[in-house]
Amino acid sequence: MERADRVKKLKPLLKEVLEILGEDPTREGLRRTPERWAEALTTYTQGYEDMAENHLKVVFQLDEDDYPIGSDDMIIVDNIAFTSTCEHHIAPFRGLVHIAYIPNPKSRVITGLSKMSRVVEVFARRLQVQERMTQQIARAIDEHLSPLGVFVMVQAVHYCMIQRGVEQQQSATITTARRGVFLEKPELETKFQTYLRLRMDTRDK
């Protein structure tokens with residue numbers, strides 16, 4: 001369904017939601033709210049219209065001298081900012097994604113650094129839970145780049161925890177996903193975590 005058609009179908013439904021909440025959707029401040037709300041919802045969920053492989057199929061090859069067999073050197077893209085929507089309460093959650101992967105020395109395939117941000121965006125712009133999103137990002141990189149290993153860490157603040165229920169203002173949620181050699185060699189995760197800590201320490205100074 002085209003975006004314009006989705007907006008058209010959503011508008012009367014969202015107008016009804018406002019009425020159920022006790023509002024008057026005909027008053028000046030809310031007159032265009034159903035349309036704006038519908039457009040916003042389609043933007044929040046535009047990841048359904050895209051696939052991770054559309055971005056990860058753009059690949060390059062390192063020279064053998066640049067990436068010898070036996071290397072555990074990582075490619076790290078950190079602090080990828082995202083905003084997503086919790087599927088349980090339709091409330092936003094936002095945070096940072098940190099990705100590390102080790103190219104396979106046989107193929108030496110890598111992708112453009114900006115493509116990692118695109119992959120995050122694909123999965124973040126859907127109704128989500130953080131745990132699944134973390135695994136989806138790792139799985140997509142693992143399947144389409146076939147690296148030796150992938151490690152993904154997501155840290156996020158959930159507004160469903162801030163605005164309702166326990167109302168935890170300072171709480172953050174951290175999730176991780178590992179593939180390949182990151183499962184077999186815990187020292188690689190330690191190396192990655194050390195890098196992230198150094199980055200944070202340097203940024204805070």
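Below, each value reflects all heavy atoms present in this structure, side chains not excepted, and no hydrogens, waters or symmetry copies.
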Go through Arg178 and Gln135 one step at a time and tell me if the side-chain hydrogen bond (donor to acceptor under 3.5 Å, both in side chains) criterion holds.
CA-CA 8 Å; Arg178 303 164 183 82; Gln135 296 294 332; over 6 Å; no
Taking all heavy atoms of [X] and all of [Y], pick out the closest pair and write down the distance.
X      : Y      : answer
Ala177 : Ala138 : CB-CB, 3.6 Å
Phe93  : Ala156 : CD1-CB, 4.0 Å
Pro147 : Ile102 : CB-O, 3.1 Å
Pro103 : Asp73  : CD-O, 4.0 Å
Ala38  : Leu10  : CB-CB, 3.7 Å
Asp24  : Leu30  : O-CD1, 3.7 Å

Checking [X] side chain against [Y] main chain: does a donor-acceptor pair fall under 3.5 Å?
X      : Y      : value
Arg125 : Gly47  : no
Tyr48  : Val122 : no
His89  : Cys160 : no

First locate atom [atom1] of [X], then atom [atom2] of [Y], and finally report the distance between them rounded to the nearest 0.5 Å.
X      : Y      : atom1 : atom2 : value
Leu196 : Arg199 : CG    : CZ    : 8.5 Å
Arg179 : Ile141 : CZ    : CD1   : 10.0 Å
Lys57  : Lys115 : NZ    : NZ    : 10.0 Å
Glu19  : Leu14  : CD    : CG    : 11.5 Å
Arg118 : Leu56  : CZ    : CG    : 12.5 Å

pair [X]-[Y]: side-chain heavy atoms closer than 4.5 Å:
X      : Y      : value
Leu148 : Tyr101 : no
Ile20  : Glu16  : yes
Ile76  : His98  : no
Val154 : Ile174 : no
Ile90  : Tyr44  : no
Thr173 : His158 : yes

Any donor-acceptor pair under 3.5 Å linking the side-chain atoms of [Y] with those of [X]?
X      : Y      : result
Gln130 : Thr175 : yes
Thr45  : Arg126 : no
Glu121 : His55  : no
Arg3   : Thr43  : yes

Listed once per pair and sorted, the ring pair (Phe, Tyr, Trp, His ring centres under 6.0 Å) pairs that draw on residues 132-157, sequence neighbours left out
Phe151-Phe182, Phe151-Phe192
If Ile, Leu, Val, Met, Phe, Trp and Tyr residues are connected whenever their side-chain heavy atoms lie under 4.5 Å apart, and connections chain through other members, are [X] and [Y] in the same group?
X      : Y      : result
Met153 : Tyr195 : yes
Met51  : Met1   : no
Val7   : Leu13  : no
Val129 : Val97  : no
Leu183 : Val181 : no

Give the C-alpha distance, both sets of side-chain angles, the deciding distance and a yes or no for side chain to side chain contact (heavy atoms under 4.5 Å, CB included) between Ile137 and Val120.
CA-CA 6 Å; Ile137 294 168; Val120 170; 4.0 Å; yes
Please report the C-alpha distance between Arg94 and Tyr159 in whole Å, then the side-chain angles of each, then the deciding distance to 0.1 Å, and finally whether the side-chain hydrogen bond (donor to acceptor under 3.5 Å, both in side chains) criterion is met.
CA-CA 8 Å; Arg94 62 179 177 82; Tyr159 283 78; 3.0 Å; yes
Salt bridge between Glu23 and Arg27, side-chain N to carboxylate O under 4.0 Å?
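Yes, Glu23 and Arg27 are salt-bridged.
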May I ask you to decide whether Arg6 forms a salt bridge with Glu49, counting only side-chain N to carboxylate O separations under 4.0 Å?
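The answer is yes: the pair qualifies as a salt bridge.
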Near Glu184 CD, under 6.0 Å, is it more than 12 heavy atoms from other residues, nucleotides or ligands?
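Atom CD in Glu184 is packed in, count exceeds 12.
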Does atom CZ of Arg31 have more than 12 heavy-atom neighbours from other groups under 6.0 Å away?
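Enclosed.
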Set out, in order, the CA-CA distance, both residues' side-chain angles and the distance that settles side chain to side chain contact (heavy atoms under 4.5 Å, CB included) for Gln128 and Phe123, then state yes or no.
CA-CA 8 Å; Gln128 274 291 11; Phe123 294 116; 4.0 Å; yes
Apply side chain to side chain contact (heavy atoms under 4.5 Å, CB included) to Lys11 and Arg36, showing your working.
CA-CA 9 Å; Lys11 279 172 58 179; Arg36 293 190 187 104; over 6 Å; no
Could you give me the CA-CA distance, side-chain angles and deciding distance for Asn104 and Ser107, then say whether side chain to side chain contact (heavy atoms under 4.5 Å, CB included) is met?
CA-CA 6 Å; Asn104 191 315; Ser107 62; 3.6 Å; yes
Just to verify, which of Ile99, Thr111, Ile110 counts as forming a side chain to side chain contact (heavy atoms under 4.5 Å, CB included) with Ile75?
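Single pass found, and it is Ile110.
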For Val77, which residues count as a side-chain contact (heavy atoms from CB on, under 4.5 Å) partner, sequence neighbours excluded?
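Testing Val77 for side-chain contact (heavy atoms from CB on, under 4.5 Å), a comparison that skips the adjacent residues, returns Ile80, Leu113, Met116.
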Considering residues at least two apart in sequence or located in another chain, which fulfil the salt bridge (charged side-chain N to carboxylate O under 4.0 Å, His left out) criterion with Glu87?
Arg132
